[in-house]
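Down below is the structure, laid out as structure tokens.
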Amino acid sequence: MVTLSPIQQRRLRNFRNNRRGFWSLWIFLALFGLSLIAEVIANDVPLVAYYKGDVYFPIVESVPEETFGGFLPTEADYRDSFIADEIEANGWMIWPPIRFSYNTTNYNLEVPSPAPPSAENWIGTDDQGRDVAARVIYGFRISVLFGLVLTILSCIVGVVVGAIQGYYGGKVDLLGQRFIEVWSGLPVLYLLIILSSIVQPNFWWLLGIMLLFSWMGLVDVVRAEFLRARNFEYVKAARALGLGNRKIMFRHILPNAMVATLTFLPFILTGAITGLTSLDFLGFGLPSGSPSLGELIAQGKSNLHAPWLGISAFVSLSIMLTLLVFVGEAVRDAFDPRKN
């Protein structure tokens with residue numbers, strides 16, 4: 001059983017007392033948890049299929065069409081009327097609540113795409129006949145995962161750079177600050193657009209490009225903490241006992257510096273999500289066809305007669321970013337020593 005120190009108990013109590021941030025965290029975790037099982041919620045294959053005494057799980061296995069009386073050895077198309085009627089006549093299928101994946105085109109629309117909301121497509125379709133609800137769910141997941149990975153990597157790089165500058169000071173700190181001043185003065189968005197236009201972007205390529213600039217937000221905070229703590233008595237005592245610089249930095253000073261760092265993490269996460277959304281909106285983000293909230297906003301801009309496109313993306317982003325901002329405010333208050 002983990003025992004919390006009095007300071008950690010106070011911080012946890014302050015976080016819980018901030019009801020808005022506390023419940024925002026649980027709502028965000030619930031939404032993110034649902035998006036992690038997006039294949040179970042929105043998919044173009046059934047969860048379970050029972051056919052002539054055999055049970056199949058198409059969601060996790062590829063079942064050839066020949067199994068269900070077809071002629072092709074390729075994976076069965078369960079939306080095809082022949083396959084669907086054959087399975088229903090000799091068994092049954094359990095479908096997800098939304099019978100479309102993020103890249104599934106609905107060829108049975110009664111009106112041209114983008115189609116308005118209906119019983120089949122709950123939030124309508126985009127201009128390519130793909131279900132908007134499915135794309136929102138998958139887009140929410142990829143946006144949060146991208147933001148989390150970028151935030152963690154940015155935290156690691158920013159903390160290491162800030163710790164080295166603050167602990168050693170002198171020329172190391174001077175040269176580091178001059179480099180950061182020059183690097184932060186570069187037009188980030190234009191460089192991201194140029195780099196994304198040179199190489200076909202994907203998830204990891206975009207992550208690497210944005211990591212080049214996102215780590216600088218934490219350097220000043222960590223640097224200031226290390227500059228302040230390197231002359232404390234316990235640091236001098238550890239140095240006098242022969243402890244190495246690396247152990248002093250990351251075992252004794254870093255825990256104190258992480259208090260200020262943690263308060264910035266939710267805001268870095270929101271910045272990473274909005275950055276990815278902006279690149280997708282401009283067409284320099286994830287590959288074409290990927291579930292993207294930014295691409296959905298661009299479709300809403302191009303199809304003003306289909307308001308459900310822009311509204312669905314706007315509502316999704318608004319809820320996501322609002323919850324993260326509320327959580328960030330609660331974390332900031334929890335680590336504020338003036339609040340009891």
Side-chain angles (χ1 to χ4, degrees), residues 1-38 136-137 139-160 162-163 166 207 210-211 213-226 228-229 250 253-278 293 313-340:
M1 184 176 179
V2 179
T3 303
L4 300 178
S5 65
I7 295 179
Q8 293 172 334
Q9 293 177 7
R10 178 182 60 81
R11 291 169 180 168
L12 182 60
R13 184 170 59 252
N14 288 343
F15 182 80
R16 289 177 174 174
N17 289 337
N18 190 320
R19 309 304 296 175
R20 185 175 61 184
F22 178 75
W23 286 109
S24 295
L25 175 62
W26 283 108
I27 295 173
F28 176 79
L29 291 177
L31 294 175
F32 181 49
L34 290 175
S35 70
L36 291 177
I37 56 171
V136 166
I137 296 172
F140 184 94
R141 178 175 68 180
I142 198 170
S143 296
V144 176
L145 288 176
F146 182 89
L148 287 174
V149 176
L150 182 59
T151 300
I152 293 172
L153 294 180
S154 300
C155 181
I156 294 174
V157 177
V159 166
V160 171
L207 187 69
M210 296 187 68
L211 180 61
F213 304 96
S214 61
W215 57 271
M216 291 181 289
L218 289 173
V219 172
D220 291 337
V221 178
V222 178
R223 170 179 170 269
E225 289 293 329
F226 271 76
R228 183 175 66 91
F250 295 103
I253 305 180
L254 182 60
N256 296 325
M258 288 303 295
V259 171
T261 303
L262 288 174
T263 61
F264 280 85
L265 294 186
F267 303 104
I268 296 176
L269 178 58
T270 57
I273 293 174
T274 53
L276 176 64
T277 303
S278 302
L293 298 179
F314 172 76
V315 171
S316 302
L317 281 171
S318 299
I319 293 175
M320 182 195 315
L321 298 179
T322 301
L323 292 175
L324 288 174
V325 169
F326 288 162
V327 172
E329 291 177 349
V331 172
R332 182 191 60 195
D333 292 343
F335 285 94
D336 190 346
R338 296 170 298 178
K339 292 184 178 294
N340 294 319

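Sequence positions, counted from 1, serve as the residue numbers for this chain.
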Practice problem: Measure the OG1-CG distance between Thr274 and Leu321 for me, rounded to the nearest 0.5 Å. | Solution: 6.5 Å

Self-check item: Distance, nearest 0.5 Å, that separates CG of Leu25 from CZ of Arg16
Solution: 11.5 Å

Exercise. Determine, step by step, whether Phe28 and Val144 satisfy the side-chain contact (heavy atoms from CB on, under 4.5 Å) criterion, reporting the C-alpha distance in whole Å, the side-chain angles of both residues, the deciding distance to 0.1 Å, and the verdict.
Key: CA-CA 10 Å; Phe28 176 79; Val144 176; 3.8 Å; yes

Quiz prompt | Among Val221, Val222, Val219, side-chain contact (heavy atoms from CB on, under 4.5 Å) partner for Val159 | solution = Val222

Quiz item: CG of Leu269 to OG of Ser143: how many Å apart, nearest 0.5 Å?
Solution: 10.0 Å

Exercise. Might you point out which heavy atoms bring Val136 and Ser316 nearest each other, and give the distance in Å?
Key: CG1-OG, 3.1 Å

Self-check item: Distance, nearest 0.5 Å, that separates CZ of Arg228 from CD1 of Ile253
Solution: 10.5 Å

Self-check item: Side-chain donor or acceptor of Thr270 paired with backbone N/O of Phe267 under 3.5 Å
Solution: yes

Self-check item: Steps toward side-chain contact (heavy atoms from CB on, under 4.5 Å) verdict (Ser154, Leu218)
Solution: CA-CA 8 Å; Ser154 300; Leu218 289 173; 5.5 Å; no

Quiz item: Taking all non-hydrogen atoms of both residues, which atom of Arg141 and which atom of Phe32 are closest, and how far apart?
Solution: O-CE1, 4.5 Å

Quiz item: What distance do Thr322 atom OG1 and Ile27 atom CD1 have between them, rounded to the nearest 0.5 Å?
Solution: 11.0 Å

Exercise. Begin from the C-alpha positions of Leu323 and Leu31 and carry the test side-chain contact (heavy atoms from CB on, under 4.5 Å) through to its verdict.
Key: CA-CA 11 Å; Leu323 292 175; Leu31 294 175; 4.0 Å; yes

Exercise. Identify which one of Ile273, Ile152, Leu150, Thr151 satisfies the side-chain contact (heavy atoms from CB on, under 4.5 Å) criterion when paired with Ile268.
Key: Thr151

Quiz prompt | Closest non-hydrogen atom pair, Asn18 against Ala330 | solution = ND2-CA, 3.6 Å

Quiz item: For the residue pair Phe22 and Phe15, does the interplanar ring angle fall in the parallel (under 30°), tilted (30 to 60°) or perpendicular (over 60°) class?
Solution: perpendicular

Self-check item: Nearest heavy-atom neighbours spanning Gly21 and Val327
Solution: O-CG2, 3.8 Å

Self-check item: Approximate separation, where rounding is to 0.5 Å, of Leu293 CG and Phe140 CZ
Solution: 8.5 Å

Practice problem: Please name the pair of heavy atoms, one in Ile137 and one in Ala38, separated by the smallest distance, quoted to 0.1 Å. | Solution: CG2-CB, 3.7 Å

Quiz item: What do the steps show when you test Val315 against Ser318 for side-chain contact (heavy atoms from CB on, under 4.5 Å), and what is the final call?
Solution: CA-CA 5 Å; Val315 171; Ser318 299; 5.7 Å; no

